[in-house]
Structures are given as C-alpha cells and as structure tokens.
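Presented below is the structure to which this report refers.
Just so we're on the same page: letters track the sequence lines, and every chain starts at 1. Not measured: the values here are computed from a predicted model.
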Number of protein chains: 2
Amino acid sequence: MNDKNDDLSSAEAEAGLPGDPVLFKVLTEISIISNLADREFERLMPGGLTLAQFGVLNHLLRLGVQQTIGEIASAMQVAQPSMSSTVKKLTEKNYVDLIPDTEDRRVKRVKVTPAGRAARDRAVKAVAPGLAALKDGTPGADWKAMLGELTRLRILIDSVR
Amino acid sequence: MNDKNDDLSSAEAEAGLPGDPVLFKVLTEISIISNLADREFERLMPGGLTLAQFGVLNHLLRLGVQQTIGEIASAMQVAQPSMSSTVKKLTEKNYVDLIPDTEDRRVKRVKVTPAGRAARDRAVKAVAPGLAALKDGTPGADWKAMLGELTRLRILIDSVR
DNA sequence: GCCTATTATATAGATGTCTATATTTATACG
DNA sequence: CGTATAAATATAGACATCTATATAATAGGC
C-alpha cells in the first residue's frame, strides 16, 4: 500500500537533510505535499477527473461564468499552454464546451456542461471526507495563519521571476 | 516577464476561491508554490540541472554515500520509476555512475562523479541568494514552526494512502 | 488601405510524477 | 534441486507543467 516509505524513521522525520536551510526544507515539504495531495485527490476520483481538471470546473462553476483560456490560466496561476491542454482534456470528456466569440474570433470561452457540473459535484463529495480527516488529524494547527504565510511566500516567489 | 498574473488583485490575494475550505486553499497554495519554486530553481541553473536532479546529488553528497535507486526514491519520497528516470538523466550528464553490486546483480549503486559534485556546488551557490532573499522578504515568518506543521500535514496525508 | 504590433490559442518538445507491468536475479520451501 | 515467491530495476503509457514558437485575428499607425 505504501510502497515509498516503509521506513518509519524517515516517514516521521522532516523532509530534506539536517544541514539544509530551514526554508529549503520548507520548500522540500511543500513539493512532497503537492505530489501526495494531487495523487490522493485523483485516487478518490475514479471517474477520471484530475485535480487540474477539477480546478477548472470548480472555478467556473463557483463564479458562475464562462471564461477564456487565458483568463482561467491566470486565475489558476498556470501558463496558458498548460490550460489549453487541460481544457482540451475536459472537452474530450464533454465536461466543457468551447463557445466561440463572434466578435473576436481568436477567443473561445469555456463553458461547463451539465455533465461537467455533475462531475464536479461528485468530486466535492468524494474529497470532503478526506479534508475533514486532515483537519481532525491536526487538532492544534492554525490553517488560517499558515495560509497567510504561504500566500506571502507564494507572492514573494512570484514577484522574483 | 510575468506572463501569468499581471492582475495585481489576484496576485496579491489568497489562492483558490472564497468559498473553498481553508485547508483546500492551503493545498492550492502549496501546489502553486511547488511549481513556482521548481521553475525558479531551474531558471537559476542554466547548466541544465533540474531540482529533482539536484536533490539526488545533494542527498548523496551530504550523506557521503552511494545508494541504490530504491533507497534514493524512498529518501526523496518519490516512486521508484521516477527515480530510475532521474538517475538516467544524471547518468547521461555524467554526474553519476552506476556501480553494479557484485553480490546482488539486481542492484546498481548510484555514485556521484567529480563533475556531479561540481554541478551541485554551483547549484548551491546559485540558489543561496534566492533563499536569502526569501528569508529577508518575510521578516515575521517563523519558518521552523511552519516546517513542523507542514511535516505533520505531509505525514498525515502520507498515512492515508 | 496596408503593413506592423499585439493578443488569443495551439503545437512541439522537455521534465517530473504516477500506476501497472515486464525483466532479471535472489531467496525459500517442499 | 526445482519451482515459486520476493525484490530491484526498467519500460510503457498518462498527466501536468514549463518554455519557445507557430498560427490566426484584431488593432494601430502612417
């Protein structure tokens, strides 16, 4: 089941190496968590919806809008070609339709289909217990405070580019 | 330069959407930071060393050992085929050699070459200023505390699999 | 009006990651 | 001893992500 870390001594330790700077270790943990969370999400989603794809559906449905590929890419903080790829997958699954703009024929607006809405609702239900379990498993954690610090860190890294 | 988020209102806000659970937003930020940090690292590394590749060199050199692909995969918390791929790239760059085990011919031990050591030293020097800048840019942040919480979160997610 | 610059999207090629599976070698048991 | 199981690595096929570049269409300047 856990094929990657049967060794408790490393599983329960901080990531990275003793001599690494603390901030480097933080980034190492972040990288690992990102991968683990992605896969855990997709494991809960046998319907074949990836986290990237869910993100797009969730985004559009919450806002209740149609958006261009560029707008969605910006909102999700990914490059435009990445979003082109994700939208293409969603189109193949009939979870979104591409609505051409009659005034500007370069533009296609992404519109979630009823099947897409249903898929997103299933995803939310499938993931909720896992999120609750994480919350329960970290009683003392102040996620709001951490969110604030992570956001600062993200903006800082982003500003350097 | 920044082709993904010229819109300050979104760049300076928390990631995710207002209605998302806090923990979900945390994971969203983590995913974004992971990508940003990866690319920033590789941008500083024109010598063509990726973060994954650096991680292997750094790991082996700090410990001063040779390890099998499986051991390295476990230490870096990635699946074995991922590590096979990374080691293959390092081999092509002559940054590591594969030493066959005469007693167990299934095993190959990864050994960093002098060129690999030099590449890692260059990487450390190239990244240090960036890490310092991040530290300076977040004066009030308690990275040690955050590392502790991230580690708990990572272990929790890991245990669910 | 025409040529140029900008914008929106798509394509190509690379990396890392995963799961599932194949291959090779070692170990264990009847 | 021979067969079956286990272990270490490799291969195949998917995704997501990136950068660089191509294509198409709008907008602007002369």
Between the protein and nucleotides 24-28 of chain D, which nitrogen or oxygen pairs come in under 3.5 angstrom?
residue: D:dT26; atom: OP1; partner: A:R105; partner atom: N; Å: 3.4

Legend entry - Closest-nucleotide ordering on DNA chain D, the 5'-leading residue of A:P81 and B:E71: B:E71

Legend entry - Basic-acidic side-chain contact under 4.0 Å: A:E40, A:R43: yes

Inset, instruction - Tell whether A:Q80 reaches the base of C:dA10 with its side chain through a donor-acceptor pair below 3.5 angstrom. - result: yes

Inset, instruction - Look at B:Q77 and C:dT17 and indicate whether a side-chain polar atom (N or O) is within less than 4.0 Å of OP1 or OP2. - result: no

Legend entry - Salt-bridge contact B:D142-B:K144 (side-chain N to carboxylate O under 4.0 Å): no

Legend entry - Any B:Q77 side-chain heavy atom under 4.5 Å of B:R154 side chain: yes

Inset, instruction - Return the value, rounded to whole Å, for the distance between atom CE of A:M45 and atom C1' of C:dT19. - result: 17 Å

Legend entry - Gap between atoms CZ and P, on B:F41 and C:dT15 respectively (whole Å): 16 Å

Inset, instruction - Compare every heavy atom of B:R105 with every heavy atom of B:T102, then report the nearest pair and how far apart it is. - result: O-CG, 4.4 Å

Legend entry - B:A52 side chain, from C-beta outward: closest of C:dT17, C:dT19, D:dA16: C:dT17

Legend entry - Sub-4.0 Å heavy-atom contacts from residues 84-93 of chain A onto DNA chain C, ordered by number: A:S84, A:K88

Legend entry - Rounded distance in Å - CZ (A:R109) to C1' (C:dT7): 13 Å

Legend entry - Considering all heavy atoms, the nearest A:A115-A:N94 contact: CB-O, 3.9 Å

Inset, instruction - Step by step, work out the side-chain contact (heavy atoms from CB on, under 4.5 Å) result for B:L98 and B:V87. - result: CA-CA 9 Å; B:L98 294 180; B:V87 167; 3.8 Å; yes

Inset, instruction - Could you check whether B:T50 gets within reach of a base, just the sugar-phosphate, or nothing at all, counting any heavy atom under 4.0 Å? - result: sugar-phosphate

Inset, instruction - To the nearest Å, give me how far apart CD1 (A:I99) and P (C:dT9) are. - result: 13 Å

Inset, instruction - Please check if the side chain of B:E71 supplies one atom and the backbone of B:T68 the other of a donor-acceptor pair under 3.5 Å. - result: yes

Inset, instruction - Consider the side chain of A:K108, meaning its heavy atoms from C-beta on, and name the nucleotide among C:dA10, D:dA8, D:dA12 that approaches it most closely. - result: C:dA10

Legend entry - A:M76 CE - D:dT17 P separation (whole Å): 8 Å

Inset, instruction - Could you tell me the separation between the CE atom of A:M83 and the P atom of C:dT11, rounded to a whole number of Å? - result: 16 Å

Legend entry - Residues A:R109 and A:D101 bridged, charged N to O under 4.0 Å: yes

Legend entry - Short side-chain to backbone donor-acceptor contact, A:T86 and A:S82, under 3.5 Å: yes

Inset, instruction - Could you state the atom-to-atom distance from CD of A:Q53 to P of D:dA14 in whole Å? - result: 14 Å

Inset, instruction - Report the distance from atom CG of B:L49 to atom C1' of C:dT15, rounded to the nearest whole Å. - result: 12 Å

